[in-house]
Number of protein chains: 2
Amino acid sequence: MSLRHGLLGLLAEGPASGYDLTRRFQETLGPIWPAQHPQIYAELGRLADAGLIEVESRGPRGRKAYGITGAGLDEVRRWLTEGEVDHTLRIEPLLRSVFFWLMAPDDLDAHLEREGRYFAEQANLYREHTTAKDRGDYGDSPQTRSIRIAAEAGVRLFQALADWAEWARAMPPVSDPDRTS
Amino acid sequence: MSLRHGLLGLLAEGPASGYDLTRRFQETLGPIWPAQHPQIYAELGRLADAGLIEVESRGPRGRKAYGITGAGLDEVRRWLTEGEVDHTLRIEPLLRSVFFWLMAPDDLDAHLEREGRYFAEQANLYREHTTAKDRGDYGDSPQTRSIRIAAEAGVRLFQALADWAEWARAMPPVSDPDRTS
DNA sequence: TGCCGACGTGTCAAGGTGTACATGTGTCTA
DNA sequence: TAGACACATGTACACCTTGACACGTCGGCA
């Protein structure tokens, strides 16, 4: 389960509330690992029970601040270096591609055009991140390099998908008897 | 839920048993969408209740042959053309990259080296598929083009990840005070 | 003051997913 | 013919994920 370690990783940057974590999880990790707040609150409870995090204070609006413990830090680090990596590429558009042969040629072309455009947009979005000053949030913090690397992955993967969609559109039917229409 | 449509898509190629579907799901769809047999048998039951597939016969070893119905075919096609695409890139290695800053430089380098090698291997594996005669299974069937397109995605994505890992290894620490050691 | 709306935390039910276990069938071979 | 083994289907349970609902807090404004 990656949610547990994702939360620990975010908390390694500093204390945060469940609400903060939900927003940050959705903003920065959302495109990679979706998580809604019920799941996050539940997991925070379990992490606290396990002693990996602790409630540091109860702020202004009933707001709880969670902080990572020494054991928690050890656990993220252990996961990062020793934890087995799940190499599954869970990408729905890829799953669909296996069944493209079921689509009418025109529908498929329209689909690939739409998808290609979306992927290209996303690639550009992450490209901006890599050149941006909006890294100013972190300045020269240790995270800067990680963020740069993660953004680079976004650029490369989305660009690869955009190119793929274009390539697929251009690829001629292997042997299509309907060509004569 | 993609499992439902994945099964319908596979059954659109022709009748198959739960066992067949499990093997085919794991072999061809496994790297994209993992599914174990209990999940598949359960889903087949639900699909049959919904009238999207039907039990065609009971063969040699208690073997059931499921076949797709007209309604089932309609449903896959509807999903492919109208169904909303989930663009989440659920890729664990990417999630990890956000937390690379928590790793010791040497551990990170070793990790990226290992990952890069794995990704490159996978890319080559799919590359073989794209040039291969082992498409002989399908010959000139309508699926040939889909399979080619899906394999191409495998090549491009894994190559992008391999390049990314190499790039990340080469990327210098942004500003690392420990450099003087 | 009274109400609205954003902030913030939580529960619950339903459904998806994964692991372990249980059962039966046919083939091959010692 | 007994046992081992691959084939084939299924159940049970735990856990993850999602969507809907509920409730308390604070600030602003009519």
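Since this is a predicted model, take the numbers as computed values, not measurements. Here is how names work: the chains are called A, B, and so on, in the same order as the sequence lines, proteins then strands, and each is numbered from 1.
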Partners passing ring pair (Phe, Tyr, Trp, His ring centres under 6.0 Å) against B:Phe119 (at least two apart in sequence or in another chain): A:His87
Please list, chain by chain and in numerical order, all residues satisfying side chain to side chain donor-acceptor pair (under 3.5 Å) with B:Arg90, sequence neighbours excluded. none
Of the nucleotides C:dG10, D:dT17, C:dG18, which has the atom closest to the A:Arg90 side chain? C:dG18
Side chain of A:Tyr66 only, please: which of D:dT18, D:dT9, C:dG10 is the nearest? C:dG10
Nearest-angstrom distance from the residue atom [atom1] of [X] to [atom2] of [N]:
X	N	atom1	atom2	result
A:Gln26	C:dC7	CD	P	13 Å
A:Leu3	C:dG18	CG	P	16 Å
B:Leu44	C:dT17	CG	C1'	15 Å
A:Phe25	C:dT9	CZ	P	16 Å
A:Lys64	D:dG24	NZ	P	15 Å
B:Leu7	D:dT9	CG	P	13 Å
A:Asp86	C:dG18	CG	C1'	12 Å
A:Leu47	D:dC15	CG	P	15 Å

Is there a side-chain contact between [X] and the phosphate of [N], meaning an N or O under 4.0 Å from OP1 or OP2?
X	N	result
A:Tyr19	C:dC7	yes
A:Thr22	C:dG8	no
A:Arg23	C:dG8	no
A:Arg63	C:dA6	no

Can you name the residues that form a salt bridge (Lys or Arg N to Asp or Glu O under 4.0 Å) with A:Arg77, not counting sequence neighbours? none
Those residues that, when tested against A:Glu82, pass salt bridge (Lys or Arg N to Asp or Glu O under 4.0 Å) (two or more places apart): none
Mind jotting down which residue pairs meet the ring pair (Phe, Tyr, Trp, His ring centres under 6.0 Å) criterion with at least one end in residues 150-171 of chain B? Sequence neighbours excluded, please. B:Tyr126-B:Phe158
Indicate, with a heavy-atom threshold strictly under 4.0 Å, whether B:Arg4 touches base, sugar-phosphate, or nothing. nothing
Within 45 degrees of the axis of the six-membered ring of B:Trp79 and under 6.0 Å from its centre: does B:Arg4 put its NZ or CZ there? no
How about A:Glu128 and A:Asn124: does a side-chain donor come under 3.5 Å of a side-chain acceptor? no
Mind listing the residues from residues 35-43 of chain A sitting with a heavy atom below 4.0 Å of DNA chain D? Number order is fine. A:Gln36, A:Pro38, A:Gln39
